[in-house]
Amino acid sequence: MAAMAASGKKEEEKKKLQERVPIRRTAWMLADFVVLFLLLALLFHRATAADASERGGAAWRVAWFAFVWLLNMNAKWSPARFDTYPENLAGRIDELPAVDMFVTTADPALEPPVVTVNTVLSLLAVDYYPGGGGERLACYVSDDGCSPVTYYALREAAGFARTWVPFCRRHGVAVRAPFRYFASTPEFGPADRNEYDKLVHRIEDADETTLLRQGSGEFAEFMDAKRTNHPAIVKVIWDNNSKNRIGEEEGFPHLIYVSREKSPGHHHHYKAGAMNALTRVSAVMTNAPIMLNVDCDMFANDPQVVLHAMCLLLGFDDEISSGFVQVPQSFYGDLKDDPFGNKLEVIFKKLLGGVAGIQGLFYGGTGCFHRRKAIYGIEPDSIVVGREGAAGSPSYKELQFKFGSSEELKKSSRNIISGDMSGEPIVDISSRIEVAKEVSSCNYESGTRWLGLWINDRRHFDWAADPCSRLEIYKVGNRTTSILGLRTNGWTSLPNLNNPLLLSIFKHLQFRQCLAYLTLYVWAVRGFVELCYELLVPYCLLTNQSFLPKASENCFNITLALFLTYNTYNFMEYMECGLSIRAWWNNHRMQRIISASAWLLAFFTVLLKTIGLSETVFEVTRKEKSTSDGNGQNDEVDPERFTFDASPVFIPVTALTMLNIVAITIGTWRAVFGTTEDVPGGPGISEFMSCGWLLLCLLPFVRGLVGKGSYGIPWSVKLNASLLVALSGGGGGGGEGARSAGRKKPPPPPLQERVPLGRRAAWAWRLAGLAVLLLLLALLALRLLRHGGAGGDSGVWRVALVCEAWFAALCALNVSAKWSPVRFVTRPENLVEEGRTPSATATAEYGELPAVDMLVTTADPALEPPLVTVNTVLSLLALDYPRAGERLACYVSDDGCSPLTCHALREAAGFAAAWVPFCRRYGVAVRAPFRYFSSSSSSSPESGGPADRKFLDDWTFMKDEYDKLVRRIKNTDERSLLRHGGGEFFAEFLNVERRNHPTIVKVLWDNSKSRAGEGFPHLIYVSREKSPSHHHHYKAGAMNVLTRVSAVMTNAPIILNMDCDMFVNNPQAVLHAMCLLLGFDDEASSGFVQAPQRFYDALKDDPFGNQMECFFKGAFYAGTGCFHRRKAVYGVPPNFNGAERGDTIGSSSYKELHTRFGNSEELNESARNIIWDLSSKPMVDISSRIEVAKAVSACNYDIGTCWGQEVGWVYGSLTEDILTGQRIHAMGWRSVLMVTEPPAFMGSAPIGGPACLTQFKRWATGQSEIIISRNNPILATMFKRLKFRQCLAYLTVLGWPLRAPFELCYGLLGPYCILTNQSFLPKASEDGFSIPLALFISYNTYNFMEYLVCGLSARAWWNNHRMQRIISVSAWTLAFLTVLLKSLGLSETVFEVTGKDKSMSDDDDNTDGADPRRFTFDSSPVFIPVTALAMLNIIAVTVGACRVAFGTAEGVPCAPGIGEFMCCGWLVLCFFPFIRGIVWGKGSYGIPWSVKLKASLLVAMFVTFCKRN
């Protein structure tokens, strides 16, 4: 019996298919613990060190490395391998299951068809039985590029396979990819070699255009197909039925071409979507229970690879043990010693060999055999049977919910779920083509569970970030024992977005397998942590600090032992794997490079995607094309040498290389010249060794800095990297990125196109902003660690700390606001041609553009002359717009209640009758008469030439008429006008006061009197009622009155508001705005459209810093030049549907409308039409609504309504524009910045010191009022729908006046320290001096580069920088104090109108002796703080220089250093206009004595305070 048992056991051994062989690694386990012990010892030292406050920053990094090492220990702990015995298959298995083989390709340019053909031919020739696999195998090729060339190549390959497959089987060919076979055995089979060469030539010579033009009808489906928009194409290239036998062979497997349907409206999910489509197509055609998927560049290197896989799939007692079988990736033609560290041999043998001993190897994305049952998300039988209440076959409804509506697919899936491994093959697969097309449609997956099969949710990582994806072409299965059997998560552990910890808790993922997955997932995070650790080295060398123990300290041995042990451990792994020392070094070096480049960018990419700021992009890797020649390399090319391009992936490593070179140079200099000898915390040998080691690892980049051609780092990368290190030269990269973005611009949409800044340029600016922020944070850390410097006053350092913390917060706000810049390109030519109907504004017949009400505000005829307003109005009346006379209306609000303004507008209406037709007839570009007639080019028609006599006559006539108009307006006197002019027309102006008068509404032009399609827009004059007992709310009140008056008269759904001094510079401005208002699919995208403010006759280099060209990059509401949706102004949220929301905003009830809009029936009716998008007929006679308009213009109409709060322009701030825009954003609307060429509108910028500072003071006062009110954007984010980043953007602008006290305090620190013999900055000989120095240089360089990129000069940058310092100390400081006193109830804010330019008739009104670029002064208190600070800095520099000259400060350890003198000197340069005004200025160019005396009093008080301290 024993003999029989032994005999039976031997017989069983002979029939076994696979054997699990554990690998002993006791010595390696001990080495693992040694490294872990050293890591924990270093971590313990960091946590318990006495100087942990200075070194503790590295503790968390050491903790991270210890955690990663633990994950690696777990993965490598119990390795195993599986030996297979395919010779036993015949004795154990009667009939092998069928196998469907999937090949995926995506781009014929990056993945040449000849590469795909070799992969397919190697698969068609694999060994399988019965009968060579012809009936049991099928090959499906997915072409996501929808290329007829790829299809043609496969068709030609099928013809070649008729001789190639029998040849391989007849002669037992080992390598069955023709290009590899003929390259290795060139002397054998010349005939077949010739056939292969012909095949290659036919494929490479094939041209897509020629194929479509001359090809047969089988290419018809490719005719109008686009790569991203085409129907499904399925073609059976080879059907292995009984008619296709080749001699005694049974042919070769089926070959099917699949190009799934694609549509721009559906996400195609990259490779995961392609695999799902192949899975469904194969299910309805051959439905094999086993599936093999390979990338198009991975050929079968072992013809028995499928048999080896069957040993593992069928060789276990329980199917749970082999959900899928993964083949490790190997490479052909690889470079010696793996110079790029991408063969991953040690990872495959050590890490993945260890994972194979847990729950199974990871799915590598290619070279993997799956059970179709596992792909379908079906759990193993052992789990299903053991579960309580397990059901049998799934119902029809369950199948449809999971697999979709295809009957054939549901039937095939039922067969697979039932466990049938040998289903009847389909005799004629060509009959299933239409079914295959149905299941490969782009919307088939909708409403099904296919999103969870080949996991589409992990589409970006599974292919692009596959841990085994590399640039080389792969080969499969060098030796059979390398195939590893897997049993993973009940077959449901394919990579997905679910955290493996959760899968371990709630599903069947084993805990150790969970940790193994985490080993891979933390690779990208390692990039960030390793970079932080690597930055510590140059940081310490530059700041004269240390983060590692010195050689004289006891714990130095820990770090030295850890360094030696880890590298020895890693080195021995490579030796055991049979690799060379050079291979170890190359891989170690590449790990450092990859972690600081690819992994780092991957980390930030996913981080930005997670918070919704970016999207990951799938990038196809270029494949090797040399599949016909044995050696296609150029003799002059060194394939082992590192090459570079302009990709941003090289920027971090280049910057790190530069930084280490700079750091080791500075550190060596200090060590040689002894500047670190007396510094106890200075860097030691450890920092120098670490820096040197990093430079050795980064040696390819050091060579690349001086290399040429592809071996040299491009200048764009060097400049961007330099921007990170020293913030110099970033503009070039930005320009290149912008040009690159321009070249790759997507097809423009019909009306508007959103164009983001080029990726490289955007990242360069982002990194530059982050670098400045990091330097600010480093300065804060220095403050916290040094507590008053070298014996100095800690109070001074605390003040500096508070100010610098505020500056860091502002810098973070600016980084957020500038993070993702975009611009919008408009296509007004498409607007009228397409006859667009506004999606949310049903005010006209189909095809008509919406009407627009244009609102102009003026307040003081003295500061805003009527002639200025007249030119603005005339430019508006002459706008280009279809049926402009009927659809446009112009309303002018005169808060000065001036009969001169009304008279000027009346005269302008008469002039417009000739001016508007003249502009339209000759296509006049600038339609403000004063600008048109002052232009040197206006003497010739823009549509003709000087010979156009008719134009010259008309031009002369219009010029004379305009001169007469100007004289009539200028020569009119208010008193004589009221006495002799107009009779009843001006009767309402008699006995009125500017602040106490009834409403005056006059229709100056009613277009209904002209013939249809002629004339120009309505013109209505409005002067709202005012009373001393009612607050009139400045401009916000005027805008609300105009909104109500226009609502009861014309009620246009779009409102344009303009200041009286801003004329239309582009006659198509309204059409451009309509492109943005109507060009989005969702009305929420364009609640209002803001045009940036531009200025005519602006002074060169912006001497007063008020043109703000670099500022206008966002879409805040700026108070003028803005198109609003009236419903947004009414406080209605986007896409409003009151019936669905149960909201009362749009309630039709009289009570709700009365509460919200007031008691005017006409206004409530017009509001109902706007809110509910109801069409309303235009008013035939607007003069009949004058009394209604007067009623809604009453000074008490707002009382008891929502006007000024939830409706209209918001009250409570002098900057009603920002507050109103914020309210609109908080309702959920978005806004758009409209940049046109030429600029849509142009205005006049105030010149001279008083006007400029008055304007900035008014803005800052209003911004401060918003910050301290209930309208704070933070509250709007918390309780409304203002987005967080939009909130930060508002805080960036609203925080301007709050900068004043901090900048003033910081500006006073320099003179205070010099006068009191103290310091608030590190001295040049102290640690950390380089931080403020680098910050000063970096910030100013960053700011300077912004101006250069905007096309401005260095002088413009300096003028704006200087004015920022002046404004913050003057206008912003007074605004801050004004609002502070208002909050305490001690004062009230006052609206100050800025004076406007009066030069509307003469070409040049400047006085001969006047210099408009020079700073002027008056006795305004706004000049006192700057004058005092200028005086104080002069005194401080003088006193400090005397002390230095006479040596009175030598014995004081905390005396001021070069930093304090630089600060004072820099401020003196910034305040130089005031120094000129103090010393030698005269007249308006000199500071008045009253200001000097008050400033001197402040200086004397400060100096006295300094003496006491």
For a 4.5 angstrom cut-off between non-hydrogen side-chain atoms, does Ile666 reach Leu542? yes
Check whether more than 12 heavy atoms from other residues, nucleotides or ligands sit under 6.0 Å from atom CE of Met689, and answer yes or no. no
Answer yes or no: does atom CG of Leu699 have more than 12 heavy-atom neighbours from other residues, nucleotides or ligands under 6.0 Å? yes
Close side-chain approach of Cys296 to Thr104, heavy-atom, < 4.5 Å: no
Aromatic ring pairing Phe701/Phe642, orientation class (parallel under 30°, perpendicular over 60°, tilted between): tilted
Quick one: closest heavy-atom pair of Gly704 and Phe644, and the distance? CA-CE1, 3.8 Å
As an exercise, state the distance from CG of Leu39 to CG of Leu70, rounded to the nearest 0.5 Å. 9.0 Å
Minimum heavy-atom distance Leu724-Ile651, with the two atoms named: CD1-CG2, 3.9 Å
Are side-chain heavy atoms of Met298 and Gln329 found at a separation under 4.5 Å? yes
Working to the nearest 0.5 Å, report the span between OG1 of Thr657 and CG of Leu694. 9.0 Å
Do you know which two heavy atoms are closest between Ser1338 and Leu775, and how far apart they sit? OG-CD1, 3.5 Å
Under a 3.5 Å distance rule, please check whether Asn72 uses its side chain to pair with a backbone N or O of Val68 as donor and acceptor. yes
Quick one: pull up CD1 in Ile581 and CG in Leu579 and give me the separation to the nearest 0.5 Å. 11.5 Å
Are side-chain heavy atoms of Thr559 and Phe563 found at a separation under 4.5 Å? no
Backbone N or O of Tyr711 within a donor-acceptor pair of the Arg641 side chain at under 3.5 Å? no
side-chain contact (heavy atoms from CB on, under 4.5 Å) with Thr568: which residues, sequence neighbours excluded? Met572
Can a side-chain donor-acceptor contact be found between Asn293 and Tyr363 if the only test is distance below 3.5 angstrom? yes
Could you check if a side-chain atom of His269 sits within less than 4.5 angstrom of a side-chain atom of Met275, using non-hydrogen atoms only? no
side-chain hydrogen bond (donor to acceptor under 3.5 Å, both in side chains) against Asn570, all qualifying residues, sequence neighbours excluded: Trp584
Ser647 and Phe650, any side-chain heavy atoms less than 4.5 Å apart: yes
Measure the spacing between CG of Leu774 and CG of Leu779 and express it to the nearest 0.5 Å. 12.5 Å
In Å, rounded to the nearest 0.5 Å, how long is the span from CG of Leu696 to CH2 of Trp585? 5.0 Å
Any side-chain heavy-atom pair from Lys271 and Asp295 closer than 4.5 angstrom? yes
Any heavy-atom pair between the side chains of Trp819 and Arg766 that's under 4.5 Å? yes
Parallel, tilted or perpendicular: rings of Tyr566 and His588 (30°, 60°): tilted
Side chain Gln326, main chain Thr366, donor-acceptor under 3.5 Å: yes
Consider only side-chain N and O atoms of Asp32 and Tyr569, and report whether a donor and an acceptor are under 3.5 Å apart. yes
Whether the side chain of Arg592 engages the backbone of Cys697 through a donor-acceptor N/O pair (distance < 3.5 Å, no angle test) should be reported. no
